[in-house]
Amino acid sequence: YLAFALCAVVAAVGLSSPEYLEALAHALTGTVFRALDWFFLGTVTSFVLLSLWLGFGRYGRRRLGHPDEVPEFSLPSWLGMLFAAGMGVGLLFWGVAEPVNHFSAPPVGDGGDAEAAAMAMQVTIFHWGLHAWGVYCFSALVLAYFGFRFGAPHLAGSPVRFTFSGRWVAPVAGFADLVAIVAVALGVAGSTGMGVMQLQSGFHVVAGQS
C-alpha cells in the first residue's frame, strides 16, 4: 500500500506538472550519479564477477528449484524468450540510437570526433554488455533460488526473511520490498513512456509529418 501511494503521488505530480517532475527527476538523478558514480560502477562490476563465479564455479550446476525438478523450457527457448521479450524493443532501438546519440552529444567533451566515438561505444557497451546482464543475472538468481527452492514470495526482501532472524529483519526486508516495487513501477512507466514516444515519432515519419 505504501508503494502504491508513492507511485500515485509521482503519477499525480507528473500529470499536473510534467515540467516540474522532469526538472526534479533530472536534478535528483544527476546529483546521485555525480556523488555515487564510484558506488554504481563498483557494485555493478562486483555483480558481473559474482555471477561468473556462481555460474562457472562449484555452484554452477545447482538447481534453482528442487533437486528432482527439470527445466520447463529448453535452453534455446529460454534464450529466445529472454532476448525477444526482455530485451527486444530496447536493444532493437537503443542498440543503434544510443551510440549515435552519445557520438553527437557525449557526456564529456565535444561530439563528432574519434574520442567521442570511442566514448559512445564504451558507454553503450556498459549499458548493454556484461555489466547490464550482471545486474539482471544476480537479481534473478536471488529471487529464483529462494522462490523456487524454498517457496518464498518473489520479493526483494525474501532472502533476508528466510536467512536471518531478529527484530531488524522485518523492517529491513520491508524496506527492500518497498524500494524494489517503486523502482520497478517507475522503471516500467519510464520504459513504456519512451516506447509510446518512439511509436509516435515513427507514425509521424510514416505519415510524412514533422
Side-chain angles (χ1 to χ4, degrees), residues 1-14 25 28-29 32 36 39-91 127-128 130-195:
Y1 293 106
L2 181 57
F4 178 80
L6 292 175
C7 293
V9 170
V10 174
V13 174
L28 288 176
T29 55
V32 170
L36 298 175
F39 174 78
F40 288 111
L41 287 172
T43 302
V44 173
T45 302
S46 66
F47 284 166
V48 174
L49 298 176
L50 184 57
S51 298
L52 292 174
W53 177 73
L54 289 173
F56 296 99
R58 55 182 297 188
Y59 301 106
R61 300 191 63 82
R62 177 171 294 187
R63 296 182 186 273
L64 295 178
H66 296 290
D68 57 343
E69 288 184 326
V70 296
E72 184 178 357
F73 302 99
S74 64
L75 181 59
S77 297
W78 182 78
L79 290 175
M81 290 186 291
L82 185 68
F83 281 95
M87 301 285 290
V89 176
L91 188 59
H127 286 165
W128 296 96
L130 288 179
H131 287 79
W133 287 103
V135 176
Y136 302 148
C137 180
F138 184 76
S139 304
L141 279 175
V142 172
L143 294 178
Y145 184 75
F146 283 89
F148 295 125
R149 197 172 185 91
F150 300 103
H154 289 83
L155 296 172
S158 291
V160 179
R161 294 188 182 93
F162 277 76
T163 305
F164 303 99
S165 61
R167 294 183 178 180
W168 62 272
V169 170
V172 170
F175 180 74
D177 293 339
L178 175 65
V179 172
I181 293 172
V182 172
V184 170
L186 297 182
V188 171
S191 300
T192 303
M194 287 191 293

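Between Ile181 and Ala3 the shortest heavy-atom distance is CG2-CB, 3.6 Å. Nearest heavy atoms, Trp133 versus Trp128: NE1-O, 3.6 Å. Between Pro159 and Leu155, the shortest heavy-atom distance links the atoms CD-O, 3.8 Å. Residue Leu178 comes nearest to Leu2 through the heavy atom pair CD2-CD2, 3.7 Å, listed as atom of the first residue, atom of the second, then distance. Taking all atoms of both residues into account, the shortest heavy-atom contact from Pro153 to Ser158 is O-OG, 2.5 Å.
For residues 178-187, no residue pair satisfies the salt bridge (charged side-chain N to carboxylate O under 4.0 Å, His left out) rule, not counting sequence neighbours. Screening residues 149-158 for salt bridge (charged side-chain N to carboxylate O under 4.0 Å, His left out), with sequence neighbours left out, gives no hits. For residues 161-187, the set of pairs meeting the side-chain hydrogen bond (donor to acceptor under 3.5 Å, both in side chains) definition, not counting sequence neighbours, comprises Arg161-Asp177.
Residues Phe175 and Val172 fail the side-chain proximity criterion, which asks for heavy atoms closer than 4.5 Å. Phe148 places none of its side-chain heavy atoms less than 4.5 Å from the side chain of Arg63. Residues Val32 and Phe39 form no side-chain contact, since every pair of their non-hydrogen atoms from C-beta on lies 4.5 Å or further apart.
In this pair, Phe138 and Phe47 present their aromatic rings parallel. The plane angle is below 30°, not in the 30 to 60° band.
In Phe40, the CZ atom is crowded: over 12 heavy atoms of neighbouring residues, nucleotides or ligands sit closer than 6.0 Å. Around CG of Leu186, the count of heavy atoms belonging to other residues, nucleotides or ligands within 6.0 Å exceeds 12.
For the pair Ser46 (side chain) and Thr43 (backbone), a donor-acceptor distance under 3.5 Å is present.
Here Leu41 contributes atom CG and Leu36 contributes atom CG; the two are 11.0 Å apart, rounded to the nearest 0.5 Å.
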